[in-house]
Amino acid sequence: MVTSRPFAQVDVFASGPISGNPVAVVLDARGLDDDQMAAFARWTNLSETTFVLPPTDVAADYRLRIFTPGGELPFAGHPTLGSAHAWLESGGRPRADVIVQECGAGLITIRRDGDRLAFAAPPLRRSGPVDADVLAEIRAALGLHPSDVVASNWVDNGPGWIGLMLTSGERVLEVRPDHAALGDHEVGLIGAYRGAGHDADYEVRAFAPGDGVPEDPVTGSLNAGFATWLRATGEIPARYVAAQGTAMGRAGRVFVDDDGTDIWVGGATVSTITGTVDL
């Protein structure tokens, strides 16, 4: 039976009107099965579509399921922030000073940080060196020389990211990927800006063609993975701003803050569409 359900589309990590990464949020997904959720995610054709459900963990405020056009993810960053924003706007009331989301990766804490929302980066599911053959495939698909890559590591906190640190933010923007050659590899790039003239400290890009997302505009999970990896090695500061989306004509901004206990990944969240959807 078709049911009219509250719905929102939220722009996440925005720096102005329609400048971030949109997420579609079905705010009452009770009664929907896996196939219906997957079909709607394919129909929206956004990088992620989420479905809000009652929690099964007493510590959580709500449960979230996250779908790409290619399948379900245990965790993703911009859907987490966008869904929390939509849940609050629709009348959701957290039980404590923070919001607690239940998802496939466990419990995710979200805090209100002024006019932004930020999530505490979950632990990496997989870290460590990338196999040399896999790294060579990725470099070839991205048109990179070995000298372009300063460091590489698994930064998988749910979506399966492999992270590459390049020589500069400018080099990150120059990359023109061969998505077919990249295959099922989910790859993120980060590079530092040096000198004046930039309103961000780093440039980030994300490629996940195997999930039906050739390039993700602004990616919370990847930025969280980079922060977890590079903070541990001392290669990035405790607080910084990452730009993402310039290569796609967006202007996303991700704010990272390591408070000594948690790494918080946040940004602006703005509802662009609200109403109902018949599912």
Side-chain angles (χ1 to χ4, degrees), residues 1-14 18-57 60-92 99-106 108 110 117 119 157-161 179 184 186 206-222 245 248 250 252 267 269-279:
M1 183 178 72
V2 173
T3 301
S4 183
R5 303 170 187 273
F7 173 82
Q9 191 159 306
V10 183
D11 195 20
V12 183
F13 299 124
I18 56 172
S19 58
N21 196 356
V23 60
V25 185
V26 178
L27 282 154
D28 182 0
R30 288 175 294 181
L32 293 177
D33 62 27
D34 293 4
D35 290 341
Q36 289 172 302
M37 292 183 190
F40 186 60
R42 290 192 296 271
W43 181 83
T44 67
N45 201 32
L46 296 175
S47 55
E48 280 99 3
T49 298
T50 67
F51 302 86
V52 179
L53 293 158
T56 60
D57 190 313
D61 292 303
Y62 58 85
R63 181 162 66 99
L64 195 70
R65 296 187 65 181
I66 305 167
F67 284 78
T68 72
E72 188 170 7
L73 297 175
F75 169 75
H78 100 272
T80 290
L81 297 185
S83 299
H85 172 94
W87 180 77
L88 290 168
E89 262 198 352
S90 69
I99 303 151
V100 180
Q101 170 187 291
E102 177 187 351
C103 61
I108 305 297
I110 304 156
L117 293 175
F119 65 85
N157 52 20
W161 294 114
H179 296 295
D184 290 333
E186 298 181 356
F207 309 106
D211 282 332
V213 186
E215 182 166 1
D216 197 27
V218 200
T219 318
S221 61
L222 176 61
M248 301 186 68
R250 310 281 179 91
T269 53
V270 182
S271 293
T272 54
I273 301 171
T274 57
T276 60
V277 60
D278 291 339
L279 286 174

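Across all non-hydrogen atoms, the minimal contact from S271 to E89 is OG-OE1, 2.6 Å. Nearest heavy-atom pair, F75 versus S221, reported as atom, atom and distance to 0.1 Å: CE2-CB, 3.8 Å. Between R42 and P69 the shortest heavy-atom distance is CG-O, 3.2 Å. Here the closest non-hydrogen pair linking P55 and A60 is CG-O, 3.5 Å. When all heavy atoms of V10 and T269 are compared, the pair lying nearest together is CG1-CB, 4.2 Å. The two residues I66 and A76 come nearest to each other via the heavy atoms CD1-N, 3.6 Å.
Screening T276, V52, L32 for a side-chain contact (heavy atoms from CB on, under 4.5 Å) with R5, the sole residue that qualifies is L32. Here the options are L53, L27, I99, the test is side-chain contact (heavy atoms from CB on, under 4.5 Å), and the partner is Y62; only I99 passes.
Under a 3.5 Å cut-off, the side chain of D11 and the backbone N or O of S19 do form a donor-acceptor pair. Judged by distance alone, the side chain of N21 and the main-chain N or O of V12 form no donor-acceptor pair under 3.5 Å. Although no hydrogens or angles enter the test, the distance criterion places a donor-acceptor pair under 3.5 Å between the side chain of E102 and the main chain of T56. Between the side chain of E48 and the backbone N or O of P79 there is no donor-acceptor pair closer than 3.5 Å. Of the possible donor and acceptor atoms, one in the side chain of D33 sits under 3.5 Å from a partner among the backbone N and O of D35.
Partners of D278 by side-chain contact (heavy atoms from CB on, under 4.5 Å), not counting sequence neighbours, listed by chain and number: V2, S4. Residues forming a ring pair (Phe, Tyr, Trp, His ring centres under 6.0 Å) with F7 (at least two apart in sequence, or on another chain): none. With sequence neighbours left out, F51 forms a ring pair (Phe, Tyr, Trp, His ring centres under 6.0 Å) with F67. Remark: T49 engages T44 in a side-chain hydrogen bond (donor to acceptor under 3.5 Å, both in side chains) (not counting sequence neighbours). With sequence neighbours excluded, the residues that form a side-chain hydrogen bond (donor to acceptor under 3.5 Å, both in side chains) with T219 are D216, Q244.
You'll find the side chain of H78 stays beyond 4.5 Å of the side chain of P217, heavy atoms only. Here the side chains of T272 and P22 are not in contact, with every heavy-atom distance at 4.5 Å or above.
Identified under the salt bridge (charged side-chain N to carboxylate O under 4.0 Å, His left out) test for residues 66-81, with sequence neighbours left out: R65-E72.
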task: Could you walk me through whether L46 and V23 pass the side-chain contact (heavy atoms from CB on, under 4.5 Å) test, one step at a time?
output: CA-CA 7 Å; L46 296 175; V23 60; 5.8 Å; no

field: Step-by-step side-chain contact (heavy atoms from CB on, under 4.5 Å) determination, L64 to W87
entry: CA-CA 11 Å; L64 195 70; W87 180 77; over 6 Å; no

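With rounding to the nearest 0.5 angstrom, the CG atom of L117 is 6.5 Å from the CG atom of L88. Here the OG1 atom belonging to T50 is positioned 11.5 Å from the CG atom belonging to L73, to the nearest 0.5 angstrom.
With no hydrogens or angles considered, a side-chain donor-acceptor pair links Q101 and T80 at under 3.5 Å.
Dense packing is recorded around CD1 of I273, with more than 12 heavy atoms of other residues, nucleotides or ligands lying under 6.0 Å away.
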